[in-house]
Amino acid sequence: MIPLTSACLSFTSADHHRSPAMQTASAISLSVLFLLSLSAAVHGHNITRILAKHPEFSTFNHYLTITHLANEINRRQTITVCAVDNAAMSSLISKGLSIQTIKNVLSLHVFADYFGSKKLHQVTKGSTSTATMYQATGEAPGTAGYVHITDIKGGKVRFTPEDNPTQTDTVYVKSVLEMPYNISVIQISAILQSPEAEAPTAAPDLNLTSLLQRDGCQAFYDLLTSSGAIGTFLSSADGGVTVFCPGDDAISAFAPKYKNLTASEKISLLLYHGVPVYNSMGMLRSSNGLMNTLATEGAKKKYDFTVQNDGNDVTLKTKVTTATISGTVVDEEPIAIYTIDKVLMPRELFKGVVEAEEPAPAPKAAKKKKKAAAKKGETTEDDADAPGPDSSDDYSDDEAADQTASGGGRLVASVVMAVCFSWLAFA
């Protein structure tokens, strides 16, 4: 992309002595150039479409789809996919591995960093180690989900799994696509062979009813069934659902408050612990922001909360409580269930309630804060009760990402145009 300063300087120096009309035309042309370059930079990627243009990777592409790895790749930013051709995939398929095991193996071929051709051939000190999606999922024991990258003599780059140092024959073949620093798709000569990734893996139990009755979720499950909220969770399972299950101790401590809720409020509270899309632990650890819940759809209130991460720790913050993910019951698309240390209390149901460990602000200070926020046009806490979008306004993850990216592109492009026109006025 052309740097803003140099582009505008070129424009002003070249057009300084031209007529106003010609200068305006040049300004418009420059703005269009920036719009086009920004558009290319902010659009997301689709690994299935990228590989579909290359028939030699059709088998690899097929298994990315049926293992649901394609969805994970499309949701991530800054990533490298090491594709192998159909012949190399045949050697993997001939081993008769389960789909889950094949997913682990292919996860080892997705790096959580960007490696274009230039970067591969300029590895610091000739060698580096990078984490893969296999490591990020938590399925890899120890550091088995890492791959060593070595720039060897003759311009070749070698890839070696952490738990298989004797594999020295897998090398870089070519670049398939590079979108710095979003996604790089490269071809490597052979499948990365990892004893840990290829270890037999039992097919996961994805029966939501049975999953919710184990690993400390029994008390939460009892509330779901007694309230009737379980039906909404079950109907969402096939399309993807993430459940944040308060532990039995958390449910017990919350019981007095729960008893004071009406029947409809109890259902809203329980649905607030479900998200209508699958979120792997890797996704939660790599993103921050608001999440709509099962309680959002059809409600007149937002019923959302904020996900924040700090390293491997993931917290869920409402306006009232902050809970931490304490364990994983299952993390297998389309279902993810995580245990949390507190019941999530939505502000829509618990106005005025403050966590014991968070001292309530003095009335005078709170009043000043509200006035200051109002002057700046910010949203005060009372504004948080504004009705949320109805179900027709819901977007999928990818659509939301596209909307955000496009909006950001338009904002930056507008700034670029304003700056360039300002420079022209003073030139």
Side-chain angles (χ1 to χ4, degrees), residues 208-209 211-236 241-276 290-308 315-327 329 337-363 366-367 370 379-391:
L208 186 58
T209 301
L211 289 170
L212 286 170
Q213 297 181 67
R214 69 186 197 192
D215 296 329
C217 289
Q218 182 64 52
F220 181 66
Y221 174 76
D222 291 342
L223 294 181
L224 291 178
T225 53
S226 62
S227 67
I230 187 65
T232 303
F233 282 86
L234 294 177
S235 63
S236 303
V241 67
T242 303
V243 183
F244 296 103
C245 168
D248 292 348
D249 290 342
I251 293 292
S252 178
F254 184 75
K257 291 185 177 69
Y258 184 79
K259 291 178 181 179
N260 290 331
L261 298 175
T262 66
S264 62
E265 287 173 340
K266 289 177 179 178
I267 291 176
S268 294
L269 173 77
L270 296 171
L271 294 181
Y272 190 62
H273 290 74
V275 176
L290 288 175
M291 270 194 180
N292 284 337
T293 66
L294 292 173
T296 304
E297 187 171 352
K300 294 181 179 180
K301 300 293 181 70
K302 293 180 181 179
Y303 282 107
D304 55 19
F305 56 75
T306 301
V307 176
Q308 292 188 347
T315 57
L316 313 177
K317 293 189 175 184
T318 77
K319 295 287 186 179
V320 182
T321 52
T322 298
T324 300
I325 294 181
S326 55
V329 178
I337 302 177
Y338 307 105
T339 53
I340 54 178
D341 61 352
K342 294 179 183 177
V343 172
L344 296 174
M345 297 167 60
R347 189 172 183 276
E348 289 81 356
L349 297 179
F350 298 94
K351 292 181 181 179
V353 177
V354 181
E355 286 187 289
E357 63 269 28
E358 296 180 6
K367 186 175 181 181
K370 184 180 294 186
T379 301
T380 65
E381 284 194 349
D382 288 342
D383 293 330
D385 288 327
D390 58 30
S391 57

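- Interatomic distance, Ile267 CD1 to Leu224 CG, rounded to the nearest 0.5 Å: 10.5 Å.
- Here Thr296 contributes atom OG1 and Lys301 contributes atom NZ; the two are 12.5 Å apart, rounded to the nearest 0.5 Å.
- Asp341 approaches Ala250 most closely through the heavy-atom pair O-CB, 3.6 Å.
- When side chains are defined from C-beta on, Thr293 does not count as touching Leu271, because their heavy atoms never get closer than 4.5 Å.
- A donor-acceptor contact shorter than 3.5 Å is absent between the side chain of Thr306 and the backbone of Leu290.
- Judged as a side-chain hydrogen bond (donor to acceptor under 3.5 Å, both in side chains), and not counting sequence neighbours, the contacts of Glu265 are Thr262.
- Phe220 places a side-chain heavy atom less than 4.5 Å from the side chain of Leu270.
- No side-chain heavy atom of Leu344 sits under 4.5 Å from any side-chain heavy atom of Pro246.
- Side chain of Thr318 to backbone of Met345: a donor-acceptor contact under 3.5 angstrom is found.
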Point to revise | Chi angles and distances behind the side chain to side chain contact (heavy atoms under 4.5 Å, CB included) call for Cys245, Val329 | key: CA-CA 9 Å; Cys245 168; Val329 178; 5.8 Å; no

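- The OG1 atom of Thr315 sits 11.0 Å away from the CD1 atom of Ile340 when rounded to the nearest 0.5 Å.
- In this structure, the side chains of Ile251 and Tyr221 stay at 4.5 Å or more apart for every pair of heavy atoms.
- Considering every non-hydrogen atom in both Phe233 and Gly274, the closest pair reads CE2-CA, 3.7 Å.
- Contact of the Thr321 side chain with the Val343 side chain is not registered, since no non-hydrogen atoms from C-beta on lie closer than 4.5 Å.
- For the pair Phe254/Leu269, a side-chain contact is recorded, criterion being any heavy-atom separation below 4.5 Å from C-beta on.
- A distance of 14.0 Å separates OG1 of Thr242 from NE2 of His273, quoted to the nearest 0.5 Å.
- Under the 4.5 Å side-chain criterion, counting only non-hydrogen atoms from C-beta, Thr209 is in contact with Gln213.
- Residues Val275 and Phe305 form a side-chain contact, since some pair of their non-hydrogen atoms from C-beta on lies under 4.5 Å apart.
- Not one N or O on the side chain of Tyr338 forms a donor-acceptor pair closer than 3.5 Å with the backbone of Ser326.
- Checked against side chain to side chain contact (heavy atoms under 4.5 Å, CB included), Ser268 has the following partners two or more places apart in sequence or in another chain: Tyr303, Leu349.
- Partners of Ser236 under the side-chain hydrogen bond (donor to acceptor under 3.5 Å, both in side chains) rule, at least two apart in sequence or in another chain, do not exist in this structure.
- Atom-to-atom distance recorded for Thr225:OG1 and Leu223:CG is 7.5 Å, nearest 0.5 angstrom.
- Closest approach of Ser235 to Thr232, counting heavy atoms only: OG-O, 3.0 Å.
- In this structure, the separation between NZ on Lys317 and CE on Met291 is 15.0 Å, given to the nearest 0.5 Å.
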